[in-house]
Amino acid sequence: MNATNPPVWAAGTLLVAIGPGAAGKSTWADAAATAVDAVVSLDALRQEIGGDAGDQSATPAAVARQNALLERYLAAGVTVFVDSTNVEPRVRAGLVERARRYGRPVIALRFLPDLGTCMARNRLRPANRRVPDAALRWQYALAQEATPQTLLAEGFTAAHQITPDPSGI
């Protein structure tokens, strides 16, 4: 699946990106914007709250804002894409539970190009947005563990592998 021909989702679907930094999640969201009603980006919320998309100290406030937006969107039946790494099972569990509470489908979109691609893209990011190499490897390892079978067992309605355009560096 790619952004060139994004599928049509059921109204009110919660789409959850899963992948390490620099895997192409935000690029895909930009290209597939017509397939969703809203994008909730943790980087954008950190920018809004702390003035710097890479300021990790703003993450707790950004997550609180993300969750408030998701509550509003899910209650209204808005199809929304959650643009953040979501590589930790506990984070995904909270998103699945939130969608289920509103009776909404929740679909995992797994972004996992090879680690070298992520590392190369990460080096091209502005300094404030670069993920430390050790953290990127950790995110990558967790994303590898999030197989489609694992994601379905976690309660996702469906799980898709997304293959971003390699030129989207």
Side-chain angles (χ1 to χ4, degrees), residues 1-50 53-54 58-113 118 121 129 139 142-169:
M1 182 179 305
N2 61 39
T4 308
N5 265 326
V8 176
W9 313 104
T13 298
L14 177 60
L15 300 161
V16 178
I18 299 164
K25 300 175 300 294
S26 297
T27 301
W28 189 90
D30 290 344
T34 58
V36 299
D37 299 319
V39 174
V40 176
S41 163
L42 210 50
D43 286 343
L45 293 171
R46 278 191 289 264
Q47 177 70 39
E48 176 186 307
I49 290 164
T59 299
V63 169
R65 177 83 172 118
Q66 169 192 276
N67 292 339
L69 287 169
L70 291 176
E71 292 288 329
R72 189 175 86 201
Y73 289 148
L74 292 169
V78 170
T79 300
V80 61
F81 178 77
V82 180
D83 182 10
S84 53
T85 62
N86 302 308
V87 295
E88 295 177 81
R90 67 173 179 77
V91 171
R92 294 192 301 268
L95 294 166
V96 168
E97 188 278 326
R98 183 168 275 110
R100 294 285 181 235
R101 196 168 57 239
Y102 288 96
R104 304 292 180 200
V106 58
I107 298 177
L109 301 178
R110 187 172 176 247
F111 295 77
L112 199 61
C118 293
R121 289 176 179 170
R129 296 275 323 284
Q139 291 173 349
L142 288 178
Q144 282 183 306
E145 293 172 8
T147 65
Q149 298 79 9
T150 297
L151 296 166
L152 293 172
E154 288 179 4
F156 283 91
T157 309
H160 301 285
Q161 181 70 35
I162 302 297
T163 307
D165 180 352
S167 66
I169 294 179

Residue pair Ile18, Phe156: steps toward the side chain to side chain contact (heavy atoms under 4.5 Å, CB included) verdict: CA-CA 12 Å; Ile18 299 164; Phe156 283 91; 4.3 Å; yes

Side-chain H-bond candidate by donor/acceptor type, Asp43 with Ser41, under 3.5 Å: no

Electrostatic pair Arg101:Glu97 at N-O distance under 4.0 angstrom: yes

Distance-minimising heavy-atom pair for Ala62 and Leu45: O-CD1, 3.5 Å

Thr27 side chain to Gly24 backbone, donor-acceptor under 3.5 Å: no

Reported OG1-to-CG distance for the pair Thr147 and Leu112, which is rounded to 0.5 angstrom: 11.0 Å

Minimum heavy-atom distance Pro148-Ala159, with the two atoms named: CA-CB, 3.9 Å

Minimal non-hydrogen separation, Ala53 against Arg46, with atom names: O-NE, 2.9 Å

pair Glu145-Thr150: side-chain heavy atoms closer than 4.5 Å: no

Shortest non-hydrogen separation from Val78 to Ala38 and the atoms involved: CG1-CB, 4.1 Å

Test item: Thr13 side-chain N/O and Pro105 main-chain N/O as donor-acceptor pair under 3.5 Å: no

Interatomic distance, Lys25 atom NZ to Arg110 atom CZ [nearest 0.5 angstrom]: 12.5 Å

Test item: Thr157 side-chain N/O and Val106 main-chain N/O as donor-acceptor pair under 3.5 Å: yes

Candidate pair Val82 and Leu14, rule side chain to side chain contact (heavy atoms under 4.5 Å, CB included), full reasoning: CA-CA 8 Å; Val82 180; Leu14 177 60; 3.5 Å; yes

Heavy-atom closest contact (Ala143 atom, Val87 atom, distance): CB-CG1, 4.0 Å

Closest approach of Thr85 to Gly21 (non-hydrogen atoms, all atoms of both residues): CG2-N, 4.1 Å

Heavy-atom side-chain contact between Val40 and Leu70 under 4.5 Å: yes

Val36 side chain near Leu15 side chain, heavy-atom distance below 4.5 Å: yes

Heavy-atom side-chain contact between Val80 and Val39 under 4.5 Å: no

Rounded distance (nearest 0.5 Å) linking atom OH of Tyr73 with atom OH of Tyr102: 13.5 Å

Option passing salt bridge (Lys or Arg N to Asp or Glu O under 4.0 Å) with Glu71 (candidates Arg98, Arg104, Arg65): Arg98

Leu109/Phe111 under side chain to side chain contact (heavy atoms under 4.5 Å, CB included): CA gap, chis, key distance, verdict: CA-CA 6 Å; Leu109 301 178; Phe111 295 77; 3.9 Å; yes

Derivation and outcome, side chain to side chain contact (heavy atoms under 4.5 Å, CB included), residues Asn86 and Leu95: CA-CA 9 Å; Asn86 302 308; Leu95 294 166; 3.5 Å; yes

